[in-house]
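Throughout, protein chains are lettered first and strands after them, A, B, ... in sequence-line order, and every chain is numbered starting at 1.
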Amino acid sequence: MSNTANAEMLTTQDGKPLKAALSRALFREKMRSLMLIAPLLIFVLLTFVAPIVDMLWRSVENKIVSDTLPETVVVLQEWDPATGEAPDEAAYEALYNDLKIAVAEKTHTRLGSRLNYEKSGISSLFRKTGRRIKRMDEAGPFKEQFLEADGKWGDVEVWQVLKQLSPRFTGGYFLNAVDAEQTPEGIQMKPDEDRIYLFLFGRTLFLSIMITISCLLLGYPIAFLLASLPLRSSNLLMILVLLPFWTSLLVRTSAWKVLLQQQGVINDFLVWIGLISDANRLVMINNQTGTIIAMTHILLPFMILPLYSVMKTISPSYVRAAKSLGANDWIAFWRVYFPQSVPGIGAGAVLVFILSIGYYITPELVGGTSGIFISNRIAYHISSSLNWGLAAALGTLLLVAVLVLFVVYDKIVGIDNVKLG
Amino acid sequence: MAKTRGAAVHYDSVQKSYDGVSLVVKNLNLDIPPGEFLTMLGPSGSGKTTCLMMLAGFEPATHGEIYLNERPINNVPPHKRGIGMVFQNYALFPHMTVAENLAFPLQVRNVGKAEQQEKVKRALEMVELGSFGNRRPAQLSGGQQQRVAVARALVFDPELVLMDEPLGALDKQLREQMQYEIKHIHENLGVTVVYVTHDQTEALTMSDRVAVFNDGVIQQLSTPDDLYEDPQNSFVAQFIGENNKLNGKVVDIQGEECLVELDDGTKLKADKVNVSEVGDRTTLSLRPERVEFDTHDQMDNLVNGQIEELIYLGDHIRVRMNVAGNDEFIVKVRNRGEKRKLTVGETVPVGWALNDCKALDAVV
């Protein structure tokens, strides 16, 4: 056994390096594990990772201008919008050439609606010009003909938008998502009345925190009871906790509509017992209150279950020991039981917070205008305004915000302290 | 026990039922004088732990009253009883260091910082863990955790300490060592200790007195040697130490002696302990080490037995015999290096003194 003397020189009996032999022996095992997870891995890559990457890509991608108007883009590189004058004849000629092809391929309207995000009116400008382009004289002069077709072609701002969006990549969506815009003077915040997204992000954060806190306050005693009851009664209680899970989300949210509206069950009852007058019915739905109530109800199990699974592992003898050492009920709970349940609080809070920050259906149904989340705006841009780039930028910011919060949380609480069971 | 500062405990007709149908503890009357080390010994389900929990205040008594230093404590919550307790799984708070664990009972009593540190230091030194104050319980071995648990139960100078099978999780060697340590701590401090265990060796080693529990009733309450030498009934005889059983019927009673006819007709003289009249069924109890192969005519009892099996155990030889129809009859022979060899199948006379043979209540 002379070859064991030097650890670096370890070899097998026939003189091959031991490490190589070991990895060869483990290779088969590794391949087997890989084969076992392969179906799920492929599924996740195709249906989860790929769409997300594609979506994120859309938030910066911007080749529609340079693809549709290739010549114009080149000519506009020479033009300086700071002069305050529209570009010269060369630009109009290039635009004519590009538009002729675009109209033939019917891509000019798409470009028009894209540019409309930046400056309203461009969509109709392109459609109008598209109809006129066939009648234009190929010999020029083009500037006059364009101005004749629509006076807006003399507007510096229109050209400025075109030049701005010439690059294949743009930060415009992200600027828009944080209520900023690119002006000739550089990046500036939008005028106050046009700002919307930062405020929505703030509200989403605020409401998510409120929902997380309400879930914790309501869920902690239930989880405590669940963990300390004997098995038979705790099973029944557990079924009650899980019952909402087995009911459709829409049904539950609609039920809250019935309960909370001004002519609803709760208001009727309060009026009936005389606590409030008929004229002063409480407004509890289509605002933030409605969102907080309904979402707290929906997300409560996600708080209770991690709490329960952690509390279940806390032996009752700890509290007994604390009491035998002279601690009253409160001190025994606060100094001995509570610190041991903190990992469950961490897990539940992270779960509820992350679920609620991206929640969509419930705020949409009960949130009205003051109770909607950023995700409702994202959905609007995906399905109604079709501004996917902006939707992607908003989604990316949301994702980054969650990740940042997660890192902060890790620094403060420590992710090792999170336990799901 | 001159310098005692322990508390006196008195159970007065205490009964306990969990379901209202059956009694777990049946009419317990028990007096524990100050400074005593009393062990509640019994099989699981015998009610011993329930008795301890009622004393600690974690289970209410269904009937009766418990007195601590003459003061009834049924309505005193656990944290006001001032009783130290060592739990089966130690119950050291995992999120606190050893020193914080020890300081906990002092903090809740509003003891000053300096005094806290002083007491914690002294308690740690008492269990020889002086340098372990900054460790977490999880970083300690089982035996060290055990010592911390003992130190924590003693650090606030209680007059009474309860221990609920504290050595159950330790291996045999450590368990024996801890038995002596706990015994010495008790002797040095003079506190009253109530100790619960199902391990008879532990009970015999450490206790001043042992209460043997079965079926919710104290079967016998005596010193360890009394318990072994003079069991009052068959349960105690079998639970404490090893024991040969011979079933028969009382045919004659002469004062403290009686004559018993075994089921195969053999007649034996026995100490009359738990039989009342002629004709009673009885079980004779006989310790294996009291049976002699060196028989002589003056012996009270002489019987022939056939050797069924010999087991060599070094310091002694275990002989399994068939005596009077009982083929589980065990005799322990001290290994003196004698020339005379026993052989399996041989029939030899064995004998024992009348006082070593107790006529107890009959077991089936």
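- For Asp19(B), the CG atom is densely surrounded, since the number of other residues' heavy atoms within 6.0 Å is greater than 12.
- Heavy atoms closer than 4.5 Å to chain B are found nowhere in Ala332(A), neither backbone nor side chain.
- Identified by a heavy-atom distance below 4.5 Å to chain A, the contributing residues of residues 88-108 of chain B are Asn89(B), Ala91(B), Leu92(B), Phe93(B), Pro94(B), His95(B), Met96(B), Phe104(B), Pro105(B), Gln107(B), Val108(B), in residue-number order.
- For Asn134(B), the CG atom sits in a loose shell: 12 or fewer heavy atoms of surrounding residues, nucleotides or ligands are nearer than 6.0 Å.
- Not counting sequence neighbours, the partners of Arg209(B) by the salt bridge (charged side-chain N to carboxylate O under 4.0 Å, His left out) test are Glu36(B).
- Contacts between Pro78(B) and chain A at a heavy-atom distance below 4.5 Å involve backbone atoms as well as side-chain atoms.
- Contacts between Ser315(A) and chain B at a heavy-atom distance below 4.5 Å involve the side chain alone, from C-beta outward.
- Residue-level contacts of residues 44-63 of chain B with chain A, in order of numbering, are Met53(B), Phe58(B), Glu59(B); threshold 4.5 Å between heavy atoms.
- For Arg109(B), the part sitting under 4.5 Å from any heavy atom of chain A is the side chain, from C-beta outward, and nothing else.
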What donor-acceptor contacts under 3.5 angstrom involve side-chain atoms of residues 323-331 of chain A, with partners at least two apart or in another chain?
unit_1    : atom_1 : unit_2    : atom_2 : d
Lys323(A) : NZ     : Asp329(A) : OD1    : 3.4
Ser324(A) : OG     : Ala321(A) : O      : 2.9
Asn328(A) : OD1    : Trp330(A) : N      : 3.2
Asn328(A) : OD1    : Ile331(A) : N      : 2.9

